[in-house]
Amino acid sequence: VNVHYTAPHEGMRGVVQLMRYSPMRGEQNITIALGRPYKSALFHTFAADKPVALPVTPSRFGADIPVPVFSTYAAIELEA
């Protein structure tokens with residue numbers, strides 16, 4: 001899985017984009033660890049009509065977000 005994080009300097013919003021290249025569909029255990037204390041995360045995929053709210057767990061350095069299983073592409077929209 002390739003991951004790309006984008007956020008403006010003030011850090012109030014951000015996006016994590018995930019691209020899965022493997023054709024294997026098995027289990028995936030991915031947690032995104034961020035260095036900023038985001039409070040909400042919306043999970044977007046091409047397969048879903050609406051985004052899904054993800055749990056955000058505060059961590060020592062920012063926030064941790066577990067990523068649900070997805071097929072090829074997903075994006076997580078973040079807000080502080």
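Of all non-hydrogen atoms in L54 and P66, the two that sit nearest each other are CD1-O, 3.9 Å. Contact record, R36 with H9: NH2-O, 3.9 Å, taken as the closest heavy-atom pair. Smallest separation of non-hydrogen atoms from A7 and G14: CB-CA, 4.1 Å. Counting all heavy atoms, side chain and backbone alike, Q17 lies closest to Y73 at OE1-OH, 2.9 Å. Here the closest non-hydrogen pair linking A75 and V15 is CB-CG1, 4.5 Å. When all heavy atoms are compared, the tightest approach of H44 to P51 is CE1-CB, 3.4 Å.
Clustering ILVMFWY residues whenever any of their side-chain heavy atoms sit less than 4.5 angstrom apart, transitively, puts F46 in a cluster other than the one holding V3. L34 and L42 fall into different hydrophobic clusters, where Ile, Leu, Val, Met, Phe, Trp and Tyr side chains are chained together by heavy-atom contacts under 4.5 Å. Both I65 and Y5 belong to a common hydrophobic cluster when Ile, Leu, Val, Met, Phe, Trp and Tyr are linked at side-chain heavy-atom distances under 4.5 angstrom. If you chain together hydrophobic residues whose side chains sit under 4.5 Å apart, F61 and V16 never meet in one group.
Ring-plane geometry between F70 and F43 is classed as perpendicular, the angle between the planes exceeding 60 degrees on a 0 to 90 degree scale with a lower cut at 30.
Within 6.0 Å of the CE atom in M19, the count of heavy atoms belonging to other residues, nucleotides or ligands exceeds 12.
Two residues are said to be in side-chain contact when any heavy atoms from C-beta on lie closer than 4.5 Å; L18 and I76 meet this criterion.
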